[in-house]
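Just below is one structure, and these are the notes that go with it.
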Amino acid sequence: MRLLQRAAAVVVLLVSAAGIQVVQGGPAQAALPTAAVALGDSFVSGEGAGAYQPVVDSSGTAQPFPGWSAANSNAYFCHRSANASLFTASLPGIQQRFNLACSGGQPADIANPSSARAEGRAVASQLDQLRAVAQTHDIDVVLVGLGSNNTQFTFGDVASLCANRFIADAWTGWWEFWAYLKGEVPQKPCSASDLATDSEVAAATAETTAALRQVLDTLAQVDADGVHQVILQTYTNPLPPELASRYHEEDNRSDTRDKFRALGAERYAAGCPIHRASLGPGHVFSQNLGSLVRNAHSTLAAERPAADLRVLDVQRAFDGARLCENPDSPASALATPVRVQDGPSGNFITSLSGWDKIGIQRAANTCVTYFQTCQESWHPNAAGHAVLGQCLAGAFSAAARASVTCARNPNGTLTIS
């Protein structure tokens, strides 16, 4: 049926006693080029992978890089990368690819303009962007990364919380903490409940499921042939379960001591300014994000047994190559290090050696005031997105309605099963 729909002309065969008469009908609709589309947040938009493309804002104007001091609401800071996994994946039969995801994207941004919520960006709803693509293309693949940001918690807030606690602990002595700061700057390692409680994860799951339901409804309306696969991607943690031993102590101080500036500087340079005790809770958080996506998939697959809805689990895709998992970090890591700027200058600080706590606070405030100056931190880099592209290719070629796991082996190869 699909081939007939895409024929260049309609030919009607009339069978009668006199024989077969061929009648040429009017021209049929020309075949639309096939397309793969990415929806969701930073882990599919390509945050951290560089080569960011101009992004069309809600007024229809393509926004190139506006400068570091521009408003963070600028559409450009969706950071849609030419190196995103959607573009690196081998997807035979797909002729065009459209990245509609946006760094910081939330479930609400699927059906509503991102600017409709606080701290959103000036882009149209992702479904309106999807409808526009469907006018000129046959959508055959939709990659969705959604759930890490929602009304309960955001990845950026979680990452900032744990990194800031470590930096405060490294540079501020206990006596300064109590005498001058009056206990207002938390310095303890993050706990699982600091990052997301069970009730918050449950609420985020419901939010995400509802948004994904809207995606499926829209595809049913706009994809004329009704043939498409929807791939729901989970998340991978940029940090390991444990740091390489090189990063355990420096200057005879561990992160359980009072004021450990040399160790703080060493971990920042390596890309992992975090307490070792925060790593476990961080992995609980990323596992909860994985469960969120899988539970949303299970709910929707049960509701729509005919839909080709797949889940791509990439939680182990960076095994052995996370930040500070090896002693040469961040050189061999698949994720971007935490980096801030001392003012919106474009100059990233790579070393904090010799910095005092006033300078540290100034750089931290730059990230707060101009979030775009640090938003690449702890995201897949270009090499990481290349790995995720291989994972996506595996999910694309798997059997319909599959659950695919992509895990990195010690030798750097991937097992996709």
Side-chain angles (χ1 to χ4, degrees), residues 38 40-55 63-88 99 101-105 114 119 121 123 145 148-149 154-164 167 235-239 267-274 282 286 317-318 321-324 329-352 363-389:
D41 59 30
S42 57
F43 277 74
V44 293
S45 77
E47 183 69 77
Y52 303 122
Q53 306 299 295
V55 177
Q63 295 291 339
F65 176 57
W68 289 106
S69 60
N72 188 251
S73 59
N74 189 287
Y76 176 84
F77 295 124
C78 279
H79 275 178
R80 293 173 178 170
S81 173
N83 296 322
S85 63
L86 181 75
F87 299 111
T88 65
N99 187 352
C102 184
S103 185
S114 178
E119 300 182 355
R121 296 204 162 95
V123 292
S148 70
N149 307 309
T154 70
F155 173 79
D157 287 344
V158 165
S160 297
L161 176 71
C162 298
N164 285 339
I167 294 296
Y235 296 88
T236 188
N237 195 314
L239 300 172
R267 286 191 193 166
Y268 176 85
C272 57
I274 194 167
S286 61
F318 289 5
R322 295 184 170 93
L323 289 161
C324 296
S329 185
S332 63
L334 294 174
T336 56
V338 167
R339 290 292 180 259
V340 294
Q341 298 177 19
D342 192 7
S345 62
N347 299 316
F348 290 97
I349 299 166
T350 58
S351 173
L352 295 178
N365 286 341
T366 299
C367 180
V368 173
T369 306
Y370 306 97
F371 182 65
Q372 61 271 18
T373 61
C374 62
Q375 72 180 44
E376 290 182 307
S377 299
W378 283 350
H379 281 83
N381 57 24
H385 275 278
V387 168
L388 295 176

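As the structure is a computational prediction, the values presented were derived from the model and not from experiment.
Partners of F318 under the ring-ring contact (aromatic ring centres under 6.0 Å, His included) rule, at least two apart in sequence or in another chain, do not exist in this structure.
Taken from CG in L161 to CD1 in I274, the straight-line distance is 9.5 Å, to the nearest 0.5 Å. The distance from atom CG of N83 to atom OH of Y52, rounded to the nearest 0.5 Å, is 9.0 Å. Separation of atoms NE2 (H379) and OG1 (T236) is listed at 12.0 Å; rounding is to 0.5 Å.
Annotation: side chain of R322 is not in contact with side chain of C272 (no heavy-atom distance under 4.5 Å). Between L388 and F43, every side-chain heavy-atom pair lies at or beyond the 4.5 Å cut-off. In this structure, E119 and T154 have side chains that are not in contact, with every pair of non-hydrogen atoms separated by 4.5 Å or more. Residues W378 and V338 are in side-chain contact: their nearest non-hydrogen atoms beyond the backbone lie under 4.5 Å apart. A heavy-atom distance below 4.5 Å is not found between the side chains of R339 and T373. Between S103 and F77, the closest side-chain pair of non-hydrogen atoms is not below 4.5 Å.
No side-chain donor-acceptor contact under 3.5 Å links Q375 to the backbone of G156. Using modelled atom types, no side-chain atom of S329 and backbone atom of L323 make a donor-acceptor pair closer than 3.5 Å. With hydrogens and angles disregarded, no donor-acceptor distance shorter than 3.5 Å links the side chain of S45 to the backbone of A101. D342 places no side-chain N or O within donor-acceptor distance of the main-chain N or O of I349, the cut-off being under 3.5 Å. At least one donor-acceptor pair under 3.5 Å links the side chain of S81 to the backbone N or O of G50. For the pair S286 (side chain) and N237 (backbone), a donor-acceptor distance under 3.5 Å is absent.
The shortest non-hydrogen separation linking S148 to D41 is OG-OD2, 3.0 Å. Minimum interatomic distance between A84 and G46 (heavy atoms only, all atoms of both residues): CB-CA, 3.8 Å. Of all the heavy atoms in A335 and P238, the pair that sits closest is CB-CB, 3.7 Å. When all heavy atoms are compared, the tightest approach of T88 to G389 is OG1-CA, 3.4 Å. The heavy-atom pair separating A82 from Q53 by the smallest distance is CB-NE2, 3.6 Å.
Under the 6.0 Å cut-off for aromatic ring centres, Y235 and F155 do not qualify, their centroids lying 6.0 Å or more apart.
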Please test R121 against V55 for side-chain contact (heavy atoms from CB on, under 4.5 Å), starting from the C-alpha separation and ending with a verdict. CA-CA 11 Å; R121 296 204 162 95; V55 177; over 6 Å; no
Under the side-chain hydrogen bond (donor to acceptor under 3.5 Å, both in side chains) rule, what do E47 and S42 come out as? Steps first, then yes or no, please. CA-CA 5 Å; E47 183 69 77; S42 57; 5.8 Å; no
Check step by step if side-chain contact (heavy atoms from CB on, under 4.5 Å) holds for L86 and H385. CA-CA 9 Å; L86 181 75; H385 275 278; over 6 Å; no
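Remark: of the listed residues I167, N164, V340, I167 is the sole one forming a side-chain contact (heavy atoms from CB on, under 4.5 Å) with P273.
The aromatic rings of W68 and F348 sit perpendicular, their planes meeting at an angle over 60°, well past the 30° parallel limit.
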